[in-house]
2 protein chains.
Amino acid sequence: MAEPLTPVTLADVAQVAGVSKMTVSNVINNKPSMSNETRQRVQRALEATGYVVNPAARALAGRRSNLIGVLTPRVNWPFVTEVLHGASVAAEAAGLNLGIFTTANNPTLERERATLLRTLADGVLLVAPSADEEHIFGQAVPVVTLGAHGQRSIQVDNHTGAAIATRHLLGLGHRRIAHLRGKHSHILDAAQREAGFLATMQAAGQAVPPEYLQDGEFSEEGGERAARVLLTLPEPPTAIFAANDRSAIGALRAAHALGLRVPQDLSLVGFDDIHATSVTDPPLTTVRQPLEKMGETAARLLIDLIRGTEPAQSHVIFPATLVTRASTAPPRADRGSS
Amino acid sequence: MAEPLTPVTLADVAQVAGVSKMTVSNVINNKPSMSNETRQRVQRALEATGYVVNPAARALAGRRSNLIGVLTPRVNWPFVTEVLHGASVAAEAAGLNLGIFTTANNPTLERERATLLRTLADGVLLVAPSADEEHIFGQAVPVVTLGAHGQRSIQVDNHTGAAIATRHLLGLGHRRIAHLRGKHSHILDAAQREAGFLATMQAAGQAVPPEYLQDGEFSEEGGERAARVLLTLPEPPTAIFAANDRSAIGALRAAHALGLRVPQDLSLVGFDDIHATSVTDPPLTTVRQPLEKMGETAARLLIDLIRGTEPAQSHVIFPATLVTRASTAPPRADRGSS
DNA sequence: GTAAAGGTGTATACCGGTAAAGTAACAGGC
DNA sequence: GCCTGTTACTTTACCGGTATACACCTTTAC
């Protein structure tokens, strides 16, 4: 089984086994109705020649490549890596390969990669898309979105998650609560979290001044910048609810830089429960999304679609839970009143 | 140009433009020798039909898919993400797509993904392989390795980098210096770093007791475990040189847990200069690898190989530089002598 | 004993592109 | 006017698989 210079094709195997190409193909794909003897003969020939399929040919001829494509802006966002891990587990269990393609939020790249996946992949997982990119794929290939967009999507209950976080802060006695928004113009999840925050504040009879809504942009830098603005207001908030953990970590950094202690001078709640929140100083109270499980569910839903078994539900909403760590506490007496 | 239900093929475009398939193909691929008028007519037909190429067909017929495959154990190691970013820039500049495939250090997955890439990709980038996986690809496809393995590789000067780190600690007055090793049995880079450390210590006339070499396993957990062993020795080291930043961060955690202050009670040097080292407490002194640039160089080398232009060199070794932050200081007077 | 049914394997026609060879028309050299 | 060269396309033959239809041999039904 030394490395053959010319790739081995079905025809080569067929010749060695003394059968037709089709028979070899049928053995490889576990088609029924063939004698055990033939099957074994072909198996031996496969091993003797060291045959490997050509996915391109298979995709062209049979419209299936055993490949799931993941389209995501970046791979180094903790959110994405945890989802990927879950998806990868599900794909492996189903015997499918998983290929990751990054768009860097660049529309040109997005189109290009999407074009590639349209014909190359059996299904596409859209992770944390910046908008509804699903339409690029049309009917060409099934798509499942991780986030609040899309025809078929897996998401967390953003509204309730935000409400839990807000109620937690209210319950500690905070009244001056600010929110670091995500990119709500593009990302539906961000809008849902903001809405959950505002609804809860309103239900509690708490007004939210407009300057208490700042754009944290879902990033560490954005969070730091926005938190600086909030904390240098004439009447700064005593608590901040950030739309994701990365912006919360930025806010934490801003607080430290301004000499504020967390949680004594400022309470802070994030969203996502990425790994880093457990190792910040202090560890961050946050709203947990079961990211790995969501990735796994998304992949399984996609696999169902690929296999043609119409799945029971096309939108799955996972519950959000509060993880209480050390970044939240009652407000100091001299700052707590509104 | 609404979403066509049946994908548009070359033949469709050819019919609309009133030319042959080949002419359309030639226009798409910018072949010379065709009249401007025909070119424009085809262009119009392309736009009118909304044609997109079928990469699978192209790969099959033309034995080129415009895809670079990246094979890596995981995507959430900072080392990997930084390299990926560089590679992605180079690929984009060359008009190639980049697909990432993870192996999770699972030999079965490794083989499977490699098999896929053999025929799917025009070239493969092996990032941080756990061993010499290059042979899997044989002659089927050009391979460039990021690390000390392989026929064509991009790596940092591990030996000198380790020497610089060690000399830095020696220069501060440390004599009892320990090393957190990487998985030197599998990863050549780890072995080279260890050798650089030992050679420098020997050149300085400093003996390294065997218990001062502990396995940090390139991971945070491993680093923490190994550092605990070191720091609870009867004669603990006053400084630790870790084979990578992740194990250094683990050591930092162990030191904190044992009530040791860094750098007053323990000096710590890492390797890689990943982003996290600048935000730990204290920020970590480390040996910098220009990871992004290395990724870019690797991709460019691979692209040269794909294009058939035999590149000038098949091994590129980047210099390592010391980044001095706050985790190193002279040893305390009562602990510094050996 | 013949027909229908079932199991097993083969022949053929594609999938949607590309490479390579072929053709037609025209220009220029001598 | 003939040959050679060039330009601008077209024709043909694949790339390596899969779907479909069908051919062959037994077995079973009546």
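Just so you know, these numbers use all the heavy atoms, side chains as well, and skip hydrogens, waters and symmetry mates. This is a predicted model, so every value here is computed, not measured. So you know, we letter chains A, B, ... as the sequences are listed, proteins then strands, and number each from 1.
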Q: Between dG17(C) atom P and R64(B) atom CZ, what is the distance in whole Å?
A: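 About 13 Å, once rounded to whole Å.
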Q: Between dT8(C), dG17(D), dG16(D), which one does the side chain of S35(A) approach most closely?
A: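 Of the options given, the side chain of S35(A) lies nearest dT8(C).
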Q: Tell me: OH of Y51(A) to C1' of dG17(D), nearest whole Å?
A: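 Nearest whole value for this atom pair: 7 Å.
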Q: Can you tell if the side chain of R113(A) reaches within under 4.5 Å of the side chain of T102(A), non-hydrogen atoms only?
A: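 The answer is yes; the side chains approach within 4.5 Å.
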Q: Tell me: CZ of R118(B) to C1' of dG16(D), nearest whole Å?
A: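 That distance rounds to 15 Å.
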Q: Could you grab the distance from atom CG of L10(B) to atom OG1 of T23(B), nearest 0.5 Å is fine?
A: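 Nearest 0.5 Å value for the CG-OG1 distance: 10.5 Å.
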Q: As a test of understanding, state which of V13(A), T9(A), D12(A), V16(A) forms a side chain to side chain contact (heavy atoms under 4.5 Å, CB included) with V24(A).
A: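 Exactly one option meets the side chain to side chain contact (heavy atoms under 4.5 Å, CB included) with V24(A), and it is V13(A).
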Q: Can you tell me how far apart OG (S65(B)) and CD1 (I306(B)) are? Round to the nearest 0.5 Å.
A: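 Between S65(B) OG and I306(B) CD1, I get 8.0 Å after rounding to 0.5 Å.
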Q: For dG16(D), does OP1 or OP2 lie under 4.0 Å from any side-chain N or O of R58(A)?
A: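 Indeed not, no polar side-chain atom of R58(A) lies that close.
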Q: From the list dG16(C), dG17(D), dT18(D), which nucleotide is the closest neighbour of the side chain of A57(A)?
A: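 For A57(A), the side-chain atoms sit closest to dG17(D).
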Q: For L120(B) and dC15(D), what is the distance between atoms CG and C1' respectively, to the nearest whole Å?
A: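 Whole-Å distance recorded here is 15 Å.
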Q: In whole angstroms, how far is the P atom of dT18(C) from the CG atom of D122(B)?
A: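 It is 13 Å, rounded to the nearest whole Å.
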Q: Could you tell me how far apart R39(A) (CZ) and dT8(C) (C1') are, to the nearest whole angstrom?
A: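 Roughly 11 Å, once rounded to whole Å.
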Q: How long is the span from the CG atom in L302(B) to the OG1 atom in T145(B), to the nearest 0.5 Å?
A: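 Reported value, rounded in 0.5 Å steps: 10.0 Å.
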Q: Specify the separation, in whole Å, of atom CG of L60(A) and atom P of dA19(D).
A: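 In whole Å, dA19(D) P and L60(A) CG are 12 Å from each other.
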Q: Classify T38(A) by what it touches in the nucleic acid, base, sugar-phosphate, or nothing, heavy-atom distance under 4.0 Å.
A: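 The residue T38(A) makes sugar-phosphate contact but no base contact.
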Q: Looking at DNA chain D, which of residues 16-34 of chain B put a heavy atom within less than 4.0 Å of it?
A: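 Listed by number, they are V19(B), S20(B), M22(B), T23(B), S33(B), M34(B).
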Q: Among residues two or more places apart or on two chains, list those pairs meeting salt bridge (charged side-chain N to carboxylate O under 4.0 Å, His left out) that have a residue in residues 73-92 of chain A.
A: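 Matches after skipping sequence neighbours: none remain.
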Q: Just wondering, do F318(B) and V316(B) contact through their side chains at under 4.5 Å, heavy atoms?
A: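 Of all side-chain heavy-atom pairs linking F318(B) with V316(B), at least one is under 4.5 Å.
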Q: Using whole Å, what does the distance between atom C1' of nucleotide dG16(D) and atom CG of N54(B) come to?
A: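 The answer, rounded to whole Å, is 14 Å.
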